Amino acid sequence: METSNPFTLRSTPQAATFKTGTLASRVAEMLLEKIQGDDLAPGTRLPSELAMAKHFGVSRTVLREAIAILKSDGLLETRKGSGAFVREAKPDWVTDSDRLTEESIQALLNLIEVRQGMEAESAALAALRRTPGQLAEIEYSLRRIEQSVAAGADGVEEDARFHQAIAAATGNPYWMRLMEMFAQPIRAAVRVTRANEARREDFYRQVQAEHQRIVDAIAAGDASLARAAAAEHMVQAAQRIRAADREFWRGDGGEFARQLAQEESIDAPQDSAQAAARLVRSGGETGGQAANAFGKS
């Protein structure tokens with residue numbers, strides 16, 4: 001049933017708040033916000049394509065693409081000769097796959113949050129303790145990322161080795177063991193972030209610059225700067241994930257992220273305790289002597 005309550009186009013769209021994704025996907029987001037903000041009932045006919053295109057400051061082609069996105073989500077329907085209409089909402093329009101993707105994105109952000117502390121402290125210690133040879137290894141690892149991407153690979157393994165080289169340069173084997181404990185989820189996370197970054201040249205350049213700032217700070221022996229650069233790298237990684245558009249999460253990005261979420265769904269408390277125990281046992285004779293000393297105190 002068609003209603004006579006179309007949204008008005010008097011207000012100015014807040015296009016400036018949408019800086020990422022395709023133009024059509026950004027318009028789709030704004031259009032959806034307008035529909036939800038005006039609480040339009042199912043069956044409401046939207047204004048003409050021309051009117052909406054002018055309102056959002058885009059071409060009619062882009063507007064049609066935005067409508068197609070919302071139509072594919074089950075939020076709009078189009079009728080030949082009549083235009084676009086708000087569709088009757090279905091309680092199950094969000095599929096299990098969509099829900100799993102949302103959970104996967106949160107799992108990814110959770111891991112990045114943990115990595116922020118790990119990466120920041122290991123970079124600071126590496127700046128203070130690295131040897132010339134270890135610095136050369138870090139610099140080589142950075143070059144290998146760029147060479148891998150230039151050769152058409154994803155650079156995931158090279159990215160992981162870059163961060164491992166920094167952990168090794170701390171001179172504290174427990175930092176390396178901590179990295180090894182998280183090696184599998186970190187690789188899964190890097191696979192998602194690098195897939196996202198590969199879709200946008202600006203993202204790729206940002207990551208390159210962030211890596212270089214970390215290396216420069218370590219080379220300069222500046223612990224504070226290295227800590228800040230590594231922490232900012234993780235902050236920006238999270239921002240880039242939040243900025244990824246729905247097309248990315250419907251493709252490889254969503255698949256990679258769901259793999260990470262499945263790993264996170266394992267009994268975390270038990271796994272953490274077992275991992276911590278392994279970490280203590282792996283300390284070797286010195287670690288064992290220290291543990292015995294604490295036990296006798």
Side-chain angles (χ1 to χ4, degrees), residues 20-22 101 104-105 107-112 114-116 118-119 122-123 126 130 133-169 175-219 226 229-264:
T20 58
T22 65
T101 296
S104 303
I105 294 171
L108 180 58
L109 293 173
N110 288 344
L111 181 58
I112 290 175
V114 172
R115 285 189 67 194
Q116 183 176 337
M118 291 171 54
E119 302 286 356
S122 61
R130 55 84 181 166
Q134 288 169 333
L135 176 60
E137 180 62 29
I138 292 171
E139 293 172 335
Y140 173 73
S141 299
L142 181 57
R143 290 196 302 273
R144 285 292 298 138
I145 296 175
E146 298 171 4
Q147 292 168 357
S148 174
V149 173
D154 57 18
V156 171
E157 288 303 317
E158 291 77 11
D159 194 304
R161 290 193 191 103
F162 170 70
H163 292 284
Q164 289 170 349
I166 293 174
W175 280 109
M176 276 297 293
R177 289 168 188 156
L178 187 60
M179 291 285 287
E180 289 167 1
M181 283 169 53
F182 286 94
Q184 187 170 345
I186 285 177
R187 276 179 170 78
V190 170
R191 188 167 289 109
V192 180
T193 56
R194 294 203 68 86
N196 182 37
E197 291 152 9
R199 300 170 73 243
R200 290 184 49 172
E201 182 68 17
D202 57 334
F203 280 0
Y204 174 65
R205 296 301 174 193
Q206 286 172 15
V207 175
Q208 281 186 311
E210 289 161 17
H211 281 164
Q212 190 62 58
R213 282 193 286 271
I214 296 171
V215 174
D216 290 345
I218 292 174
E232 181 63 16
H233 176 43
M234 290 295 105
V235 169
Q236 292 304 317
Q239 291 291 356
R240 286 186 286 270
I241 286 300
R242 294 187 181 99
D245 58 34
R246 69 184 69 193
E247 295 170 9
F248 174 71
W249 297 118
R250 284 172 174 166
D252 289 343
E255 180 60 32
F256 293 151
R258 285 190 288 274
Q259 292 173 11
L260 177 62
Q262 289 167 0
E263 293 174 4
E264 189 187 59

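Values in this document were obtained by computation on a predicted structure and should not be read as measured data.
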Mind checking side-chain contact (heavy atoms from CB on, under 4.5 Å) for [X] and listing every partner two or more places apart, or none if nothing turns up?
X      : answer
Arg199 : Asn196, Asp245, Glu247, Phe248
Ala160 : Arg187
Ala126 : Ile166, Ala169, Ile218

Using the ring-ring contact (aromatic ring centres under 6.0 Å, His included) rule, collect all pairs that involve residues 144-168, keeping only residues at least two apart or in two chains.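 Qualifying pairs: Phe162-His211, His163-His211, His163-His233.
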
Any residue meeting side chain to side chain donor-acceptor pair (under 3.5 Å) with [X], in chain and number order, not counting sequence neighbours:
X      : value
Glu232 : Gln236
Gln206 : Arg240
Arg194 : Asp159
Arg115 : Glu119

Examine distances only and state if a side-chain atom of Ser148 and a backbone atom of Ile145 form a donor-acceptor pair shorter than 3.5 Å.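 Answer holds: no.
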
Which heavy atom in [X] sits nearest to a heavy atom in [Y], and how many Å separate them?
X      : Y      : answer
Ala165 : Ser141 : CB-OG, 3.9 Å
Ala167 : Met176 : CB-SD, 3.9 Å
Leu111 : Pro185 : CD2-O, 3.3 Å
Met118 : Trp175 : O-CZ3, 3.8 Å
Ala189 : Leu108 : CB-CD1, 3.4 Å

Measure the [atom1]-[atom2] distance between [X] and [Y] for me, rounded to the nearest 0.5 Å.
X      : Y      : atom1 : atom2 : value
Arg242 : Gln239 : CZ    : CD    : 5.5 Å
Ser122 : Gln164 : OG    : CD    : 11.0 Å
Arg130 : Ile138 : CZ    : CD1   : 8.0 Å

Can you name the salt bridge (Lys or Arg N to Asp or Glu O under 4.0 Å) partners of Arg161, sequence neighbours left out?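 Not a single residue meets the salt bridge (Lys or Arg N to Asp or Glu O under 4.0 Å) criterion with Arg161.
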
Could you list the residues that satisfy salt bridge (Lys or Arg N to Asp or Glu O under 4.0 Å) with Glu139, not counting sequence neighbours?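 Expected list: none.
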
If you look only at pairs with a residue in residues 140-149, which of them pass as a salt bridge (charged side-chain N to carboxylate O under 4.0 Å, His left out), with sequence neighbours excluded?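 For residues 140-149, and leaving out neighbouring residues, the salt bridge (charged side-chain N to carboxylate O under 4.0 Å, His left out) pairs sorted by first residue read Arg144-Glu158.
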
